[in-house]
Structures are given as structure tokens and as C-alpha cells.
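The next block holds one structure in the form of C-alpha cells; read it before the comments.
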Amino acid sequence: MITFFAVIVFAVLIWVVPLAWQRMRRRYLRSRPLSPQQEAILRSRLALYPYLPEARQQELQQNISLFLRDKEFVGCNGLEITEDMCVVIAAHACLLLLERDNNCYPDLRTILVYPDAYVAEETRHHGHVRSTHLSARAGEAHYRGPVVLSWDDLQQGLANPQQGHNVAIHEFAHKLDEEDGYVDGRPPFESPEEGKNWAPVMREAFAELRQRIHSVHTEAEIEREAGRDTFTEKASVLDTYGAQSPAEFFAVATEAFFIIPTSMEAAHPTLYREMQKFYRTDPAALLRGNHPDD
């Protein structure tokens, strides 16, 4: 009997001790302050940072501190990783984690950074037929694996925020999405009540985007058949790439929510409010100078 209980205790310790150690490690790494250089990069390169309440700024710094010390940044195609690259990527990744208990992307170990768009092999299935081809990419998030980013594409997004593109935010939205075991456009919620309206709101917004694309193509075809080439597509707040799947729609909506929040709130108020509830922050209000903590 004593041997039996000893085995049980040993088994419990094997399970509990690593978890306790990981919690202690994360707490310690979060407590390490950013260097003056890192903080300067954060203040100058994350557009939303100056508008955050002081408590949220401190929380963001703590998550970035953990991220920088917990993940490995690897330069590809001859790219040399710099402090600026690490802090910029970490800042946008951790922006998605504000005001939530989190383990800072626990299944992510490596960020691969290319100097610009890179070529990757893509496989598609059409029934029983599988086709493989090469495609240029700005980024991708591998399930339970690394995040891959094009530094030039990220730079372009930061230089032109009005376009609503940020490849780092897009790919880390995918990493959030996968934390419940599924990449399906529904990230994990702390309770069923918290996410009760998510599915209908996202489904309707996704359908609207797909319908918009269909209408645009139809109008363009009508113009061509009439011998006119004057059709001009109106700019969309949500990147039409989001119509690919619910997972891509969530990532695209996350980009718009953080990069062009005022435009998104005006164009898609219901979707914006649902994203606001999930991310527990209101970027449009912050840009107007309204702090939720005030």
C-alpha cells in the first residue's frame, strides 16, 4: 500500500512540478524590465502605445519582456536579426494579449524572419486530385509551429497604416485562434457566456464580405461586356483576403481592429464591438483620447 501511494505521489509531482516551474519562470521573465533601447523602440514603433493607459503600457511591457526571452528569432535568406525587429514583432504580438491571463503563445518557440516576401510550397486538394505549386508569401503561422514573417512587408504596413495591413498582427491572430486546438476563426474564450454572440456576428460579417466580392466581380463583368473599362472598386475596410475562410476573416478583422479602428468601427460597428469584447480594449476610443480606465 505504501508503495502504491508513493507511486501516486511521484506521478502527481511529475505533473505538477513542471507546471509550477513554468508559472514561476513566466512570472520572473515578465518582471524583467525592458532596456532603455527596447522601451524607446516600443514607444516609437507601436502606434497605439502612447494612447494606452499607464497600467496597460506596463502590462504590455511585461508581456514583451517574456516574449523576447521565451522565443527565438531566426533570420532567413541572410537577414541579420536586430533589436528593432525583435521588439517590433514582440510588441504587435503582445498587443493582442492585453487585459487577459495568458501564457504568451505557449506553443510558439520560433519566429522566422525573411528580408522580404518569400516563396513557399502550397498544396491544394480538389476532390481526389492534389496539386502543388510555389507561391510568394508575406507571412504564415504553422499550427503548433513557428510564425514566419516578411520584414519588408511588416515595414510597409507600419509605414502605411491607412491600408490596414500588418502581417505580424495577422499571423499572431492565427496563433491565438489555434490555442483551443482548432484554427476556425473562433479563438478561445474564458467562458461560453463571453463568446455567445461571436458565431452569429462573425458569420454575418463573413457572408457580407463574400457577397461584396461577388457583387464587385459581377459589376466588373457587366462593364467589360458593355465594352467599358471604367469600373473602379471601392476600397474596403476589411481586406478581401478574409473571404478565404473564417480563420482568415478573423485574422483580417484583427488587423483592421488594431490598425484602422476608427474606420472599422464606422463601417462595421457590430463586428467592432464583438472584437472589442474579445480583445478587451477599444483602440478607436483610445485614439480619440478616451481611456476606459478613466
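What you see below is based on every heavy atom in this structure, not just the backbone, and it leaves out hydrogens, waters and symmetry mates. Keep in mind that what you see is a predicted model, and the values were worked out from it rather than measured.
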Sub-4.5 Å side-chain heavy-atom contact between [X] and [Y]:
X: Thr254; Y: His170; value: no
X: Leu79; Y: Tyr114; value: no
X: Glu208; Y: Leu271; value: no
X: Val167; Y: Ser150; value: no
X: Lys175; Y: Phe172; value: yes
X: Arg203; Y: Pro200; value: yes
X: Leu95; Y: Asn63; value: no
X: Leu34; Y: Val87; value: no

Keeping the roles fixed (side chain from [X], backbone from [Y]), state whether a donor-acceptor pair exists under 3.5 Å.
X: Tyr105; Y: Lys71; answer: no
X: Gln244; Y: Tyr241; answer: no
X: Glu179; Y: Pro187; answer: no
X: Asp177; Y: Gly185; answer: yes
X: Ser236; Y: Leu238; answer: yes
X: Asp282; Y: Ala285; answer: yes
X: Arg186; Y: Gly195; answer: yes
X: Ser65; Y: Arg32; answer: yes
X: Asp70; Y: Leu66; answer: no

Where [X] and [Y] come nearest, the two heavy atoms and their spacing:
X: Phe67; Y: Cys94; answer: CB-SG, 3.8 Å
X: Leu176; Y: Pro188; answer: O-CD, 3.2 Å
X: Ile169; Y: Ile259; answer: CD1-CD1, 3.7 Å
X: Arg43; Y: Pro50; answer: O-CG, 4.3 Å
X: Gly164; Y: Glu255; answer: O-CB, 3.6 Å
X: His92; Y: Ala168; answer: CB-CB, 4.1 Å

Kindly check if the number of other-residue, nucleotide or ligand heavy atoms within 6.0 Å of [atom1] ([X]) is above 12?
X: Phe189; atom1: CZ; value: yes
X: Glu204; atom1: CD; value: no
X: Glu80; atom1: CD; value: no

| said: If you apply the rule side chain to side chain contact (heavy atoms under 4.5 Å, CB included), what do you find for Glu59 with Leu98, and how did you get there? | reply: CA-CA 7 Å; Glu59 178 191 356; Leu98 286 176; 3.9 Å; yes

| task | List the steps, then state whether side chain to side chain contact (heavy atoms under 4.5 Å, CB included) holds for Val74 with Val113. | result | CA-CA 6 Å; Val74 178; Val113 188; over 6 Å; no

Going hydrophobic residue to hydrophobic residue with side-chain gaps under 4.5 angstrom, can you get from [X] over to [Y]?
X: Met264; Y: Val201; answer: yes
X: Ile260; Y: Leu287; answer: yes
X: Ile89; Y: Tyr118; answer: no
X: Leu46; Y: Phe73; answer: yes
X: Leu112; Y: Leu108; answer: no

With rounding to the nearest 0.5 angstrom, report the [atom1] to [atom2] distance, [X] to [Y].
X: Thr281; Y: Leu286; atom1: OG1; atom2: CG; result: 4.5 Å
X: Ile41; Y: Gln37; atom1: CD1; atom2: CD; result: 4.5 Å
X: Ser263; Y: Tyr272; atom1: OG; atom2: OH; result: 11.0 Å
X: Thr270; Y: Asn197; atom1: OG1; atom2: CG; result: 10.0 Å
X: Leu154; Y: Asp116; atom1: CG; atom2: CG; result: 13.0 Å
X: Leu96; Y: Leu60; atom1: CG; atom2: CG; result: 10.0 Å

| query | Hey, are Arg137 and Glu171 close enough for a salt bridge, meaning a charged N less than 4.0 Å from a carboxylate O? | reply | no

| message | Between the side chains of Arg109 and Glu72, is the shortest nitrogen-to-carboxylate-oxygen separation below 4.0 Å, so that they form an ion pair? | response | no

| task | Evaluate the criterion salt bridge (charged side-chain N to carboxylate O under 4.0 Å, His left out) for residue pair Lys277 and Glu194; output intermediate values, then yes/no. | result | CA-CA 8 Å; Lys277 286 190 292 183; Glu194 184 180 309; over 6 Å; no

| query | Who pairs with Gln155 by side chain to side chain donor-acceptor pair (under 3.5 Å), at least two apart in sequence or on another chain? | reply | Arg45

| Contacts of type side chain to side chain donor-acceptor pair (under 3.5 Å), residue Tyr49, not counting sequence neighbours | Gln61

| query | Should Leu97 and Arg100 be marked as a side chain to side chain contact (heavy atoms under 4.5 Å, CB included) after you check the CA-CA gap, both sets of side-chain angles, and the distance that decides it? | reply | CA-CA 6 Å; Leu97 306 178; Arg100 275 204 316 277; 4.2 Å; yes

| Stepwise side chain to side chain contact (heavy atoms under 4.5 Å, CB included) test for Phe250 and Phe278 | CA-CA 12 Å; Phe250 169 62; Phe278 174 70; 4.3 Å; yes

